[in-house]
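Take a look at the structure below.
Counting convention: from 1, in listed order, for ligands and their atoms alike. Computed over heavy atoms, backbone and side chain alike; hydrogens, waters and symmetry mates excluded.
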Amino acid sequence: MSSSVFFCLLFAPFLCSAQWCYQGQFSCEDKCRVPSEWFRDSPECGGQNQSPINIVTRNVQYDPSLTPIIFHGYTDAMHITVVNLGYTAVFYLPPSVRIHGGGLPETYKAVQFHLHWGSENGPGSEHTVDGEQYPMEVHIVHIKERYNTLKEAMNDPMGVAALGFFFEVSPVENHKFNKVIEALGRVRYNGNRTVITGFQLTNMLTLLENFSSYYRYAGSLTTPNCNEAIIWTLFQRPIPVSQQQLALITSKMLFSTGKPMIDTFRPVQNLNERIVYTSMAYPSALSSPTTLLFCFLFIFGLL
Ligand SMILES: *[C@@H]1O[C@H](CO)[C@@H](O)[C@H](O)[C@H]1NC(C)=O
Ligand SMILES: [Zn+2]
């Protein structure tokens, strides 16, 4: 047994108040709390309303109040700061970026966005749909306008509105995403920061016209302290990104430990008593024109 392994076994119990980490980061030298142990330092991570979850589309409930979300500032060109926090890269957004509608109780202003990814060819999203894990997921985090910080908003069970978009591999490069990828390359090490000039959120979110189909549920932050203060909105339509782009994203950054920053997702949590709602009146199989015609004829007593 090497002395470092011996040291590790001997002292592990005393080093256990170490930092939290994702599953892939754990090693004997780098004692850290993996997701299943996060609750030891952050009790809320063991709560009943945790995120992410697997969305079972057969069980989602249609909610007619889930109208299209109204976006402000999403097409503005902005200068935004990007920082490597040691476990992710955060892209800070100005409060002029706002959302309302979509069944949200009030207007929310943006704070930041960040991505969750896997390894070059592996799965990487946090939420899954019918068990399918997408290669990447972006979270755009907003707080109620009356709050000044994310921390302040966390004390309100509906204080935060997070928008999640999945990515899917496409044969065609998504040129609009390259500004984000280049910025990741400039914040390789923990604490590095850079500025992107002339950035538009629509650089990242193509398909703006398709934002009316989404899922909604009440959940938590997906990193400690796992605060149960988040109204989640997950858009059904994934954003295309090429395999080469994914390979670049997953290779550019390092964790605070110096290891490659990959597999930055928390495993799915139990749904428990919660219901996942949807803005989509008809499950996709039922929304064909023929089915709609039959429904129409039936309603008017023609059949
Ligand atoms: C990034 O962080 C590393 C390690 O702390 C440091 O040596 C380097 O100068 C930083 N680079 C920039 C551009 O800030
Ligand atoms: Zn996230």
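- A salt bridge does not link R146 to E152: none of the charged side-chain nitrogens sits closer than 4.0 Å to a carboxylate oxygen.
- Atom 11 (N) of ligand 1 is flagged as protein-proximal [any protein heavy atom, distance under 4.0 Å].
- H139 contributes atom ND1 as its closest N/O/S atom to the Zn ion (ligand 2).
- Ring planes of W20 and W38: perpendicular class, angle over 60° (limits at 30 and 60°).
- A salt bridge does not link R216 with D63: none of the charged nitrogens is closer than 4.0 Å to a carboxylate oxygen.
- Ranking the protein heavy atoms by distance from atom 5 (O) of ligand 1 puts N190 O, 4.3 Å first.
- For E145 and K109, the salt-bridge test fails: no basic side-chain N is under 4.0 Å from an acidic carboxylate O.
- Note: an N/O pair closer than 3.5 Å links N192 and ligand 1 by distance alone.
- Closest to atom 4 (C) of ligand 1, if we only count protein heavy atoms, is Y189 CB, 3.9 Å.
- Taking the Zn ion (ligand 2) as reference, H116 places its N/O/S atom NE2 nearest.
- With F199 as the partner, the side chain to side chain contact (heavy atoms under 4.5 Å, CB included) test is satisfied by one option alone out of V195, T202, I196: I196.
- Protein heavy atoms all stay at least 4.0 Å away from atom 7 (O) of ligand 1.
- Salt-bridge check for K179 with E182: failed, with every basic side-chain N at 4.0 Å or more from each acidic carboxylate O.
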